[in-house]
Amino acid sequence: MGSIFSAALLAAGAAAAAKFIKNKDIDDLNPQTLAKKAVNSVKLTCDTSVPYDNGAALTPPMGWSSWNLFRNRINENLIYETAKAVKESGLADCGYQYINIDDCWQSSMRDENGKLQGDFGSFPSGIKALVEKVNGLGLKLGIYSSNGTLTCEDLPASLGYEAIDADTFAEWGIEYFKYDFCHNVPIPTQAPKIEKIVVAEAGTANGKEYGPDEAVLTGEAKLIDDEKLVSGKYISGLSSNMGCCEFPCVYAEKDGEYILTLCIRKKSNNNKYAEILVNGTDLYKTFLPATKSFTAEGRHQIKIRLNEGLNSIRIYNPVASRQDSAAIQYADMGRELKRAAREYAEKNGCEEKPIVFSICEWGRNFPWNWGAHAGNLWRTTPDIMPKWSSILGIYEFNVLLYKHSGAGSWNDPDMLEVGNGNLTFEENKSHFTLWCMMAAPLILGNDIRKFILDDGTVDTENPTYKILTNKDVIAVDQDPLGVQCRRFRTNGPEDVLVKPLVNGEFAVCLFNKASSETEISFDIGEIINKNFVNTPISQEYLLTDLWSKEEFTAYGGFSAAVPGHGIRLFKVTVK
């Protein structure tokens, strides 16, 4: 993976450098500055150190989603029938609790207050009423949108509507939110060039000016002399997380709302972005459109709150790369979800319903590097398909990311295709087991209604049902330790995976990627000695096959026959 990533980063860096040179600004021609921008353009540079921590998804979420099988052919009856089948089949008792509506639930129109609303034909009762019905079964409803101007199916999405949509979801009682990446508009890396700032109390005509000489400049921020400007100077170097300017002594006569005017130097015909941090606590974000006009000076106004006395105003752009842009946009939505859930509970005197936040940007911007700051789980790969090649390819990538997974923050290799397509029984079983070993969310994508027979009884002999309801295997996924497996050994088509469990136990999965049966062995002592697990050395170990339920005594080494495209899964306990 390292060599692939390195090549990709070098290519991206070269492209970024060419772009900077093509769109060069006279202030940024310093070769060192250009080189630093090019390097940063393929890195994560913004601060993502604070964990998301909304108290939800402490084990990988379990549930069902409409997308894999039904796509756009959904309606409120289908969703409720599926929820009933989850309850009546016993899947709910196994831990599957989220009934997630994917794309195509919403009308193409927001309401008169700008709120999303259900499609008038397929969801005529509204989403809130559906939530109440699903809650009545003891289950939870999830919803979908995209971090773009439209969803993947070209319906209203949430970019720019984060606060109002989060409030809507909290009001409806939503408890799981999948946020896609279609029609995304990246945050600009360029920042405005500041000639001066003017601060005026809201509703008054006169404001106090603060010139560029009164700002404290850090990083690449610098003063540029320009005879064409009235002031003669402006501040440059705030782009690409390279520098910032701070006005430390902005005076306000009283607490209240003020108008901050950024008097800007028009230099390039590009969209720009700035974050304004007031007194180190209050953050304001603003976009400035591309400028193309006859005058060199411009102005951009936003409302801020100041305290009586001296205040500090810090201006910068933390976005240097697509990674930064995605991380910030998803973190913005995550904050709004937490705020909305908290405020709705406070306002209505009810228990807070935290909303599990599922980041779905397909691994394009390395979300494992920043996902734990923004949400509860993050897609690591493109969409899964009900094909063995798709499942195997996703496994090969996601298994490498074990360092980034943990309680409340999970690598997501996408929803389960168990029971879909033409997968064999062994392939379905392997798919499910591998996802459990990788501590992945278990979101089903098959037609659950088929588990209920015409007489209302449960088809417990259904092969797919048997896989999805194996509580011993599910327990591996849901283990409170929250550790993703590591690949202990790989030998051609043979993989040995190890997953630590609570109480000093661990799971070993023997995975045969070849099409014919093979014998795979492992040594318990070697696993323990390499610190893969926290299990004491012993002379005897009890091995439990979590699919056949057979038990074996092992004295160190152990081997087992593994079918083609199949697995063997053992729990190891000190005897």
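All heavy atoms count here, side chains included; hydrogens, waters and symmetry mates do not. Not measured: the values here are computed from a predicted model.
Residue-environment remark: NZ (K128) exceeds the threshold of 12 foreign heavy atoms within 6.0 Å. No more than 12 heavy atoms of other residues, nucleotides or ligands shown are found within 6.0 angstrom of CG on D454. By the 6.0 Å contact criterion, CZ on R449 is enclosed, its count of non-hydrogen atoms from other residues, nucleotides or ligands being greater than 12. Residue-environment remark: CG (N422) stays at or below the threshold of 12 foreign heavy atoms within 6.0 Å. By the 6.0 Å contact criterion, NZ on K87 is open, its count of non-hydrogen atoms from other residues, nucleotides or ligands being 12 or less.
L141 and I99 get closest at one heavy-atom pair: CD1-O, 3.2 Å. Minimum interatomic distance between Q478 and T59 (heavy atoms only, all atoms of both residues): OE1-OG1, 2.8 Å. For P188 against V319, the heavy-atom pair with the smallest separation is O-CB, 4.0 Å. What you find for A327 and L44 is that their closest heavy atoms are CB-CD1, 4.2 Å. Here the closest non-hydrogen pair linking D111 and Q117 is N-NE2, 3.4 Å. Nearest heavy atom pair, residue P413 against residue T380, reads CA-OG1, 3.9 Å.
For E275 and K285, the salt-bridge test passes: some basic side-chain N is under 4.0 Å from an acidic carboxylate O. Under a 4.0 Å N-O distance rule, the pair K347/E343 does not qualify as a salt bridge. A salt bridge links R339 and E336; the closest N-O separation between the charged side-chain nitrogens and carboxylate oxygens is under 4.0 Å. At a threshold of 4.0 Å, the pair D102-K178 counts as salt-bridged, since one of the basic side-chain nitrogens sits closer than that to a carboxylate oxygen. Ion pairing between K43 and D324 fails under the 4.0 Å rule for side-chain N and carboxylate O. For K115 and E171, the salt-bridge test passes: some basic side-chain N is under 4.0 Å from an acidic carboxylate O. Salt bridge status for K466 with E461: present, with a side-chain N to carboxylate O gap under 4.0 Å.
Just one of E427, E396, E494 meets the salt bridge (Lys or Arg N to Asp or Glu O under 4.0 Å) condition when paired with K513; it is E396. Screening R486, R487, R568 for a salt bridge (Lys or Arg N to Asp or Glu O under 4.0 Å) with D495, the sole residue that qualifies is R487. A ring-ring contact (aromatic ring centres under 6.0 Å, His included) with Y176 is found for exactly one of W64, Y98, F169, namely Y98.
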Under the salt bridge (Lys or Arg N to Asp or Glu O under 4.0 Å) rule, what do K429 and E426 come out as? Steps first, then yes or no, please. CA-CA 5 Å; K429 192 169 73 170; E426 289 298 336; 3.8 Å; yes
Are R110 and D165 close enough, and set up right, to give a salt bridge (Lys or Arg N to Asp or Glu O under 4.0 Å), and what steps lead you there? CA-CA 10 Å; R110 289 177 177 265; D165 288 354; 2.8 Å; yes
Criterion side-chain hydrogen bond (donor to acceptor under 3.5 Å, both in side chains) on Y344 and D167, from CA distance to verdict: CA-CA 8 Å; Y344 182 82; D167 285 332; over 6 Å; no
Residues C182, C152; criterion disulfide (SG to SG under 2.5 Å); working and verdict: CA-CA 5 Å; C182 288; C152 297; 2.0 Å; yes
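If you check the side chains of Y465 and D459, you find no donor sitting under 3.5 Å from an acceptor. A donor-acceptor pair shorter than 3.5 Å can be found between the side chains of H183 and D154.
Under the 4.5 Å side-chain criterion, counting only non-hydrogen atoms from C-beta, I467 is in contact with F425. Between N420 and N68, some side-chain heavy-atom pair lies under the 4.5 Å cut-off.
For the atom pair T168 OG1 and Y161 OH, the distance stands at 12.0 Å (nearest 0.5 Å).
Using cut-offs of 30° and 60° on the angle between ring planes, the pair W362 and F181 is perpendicular.
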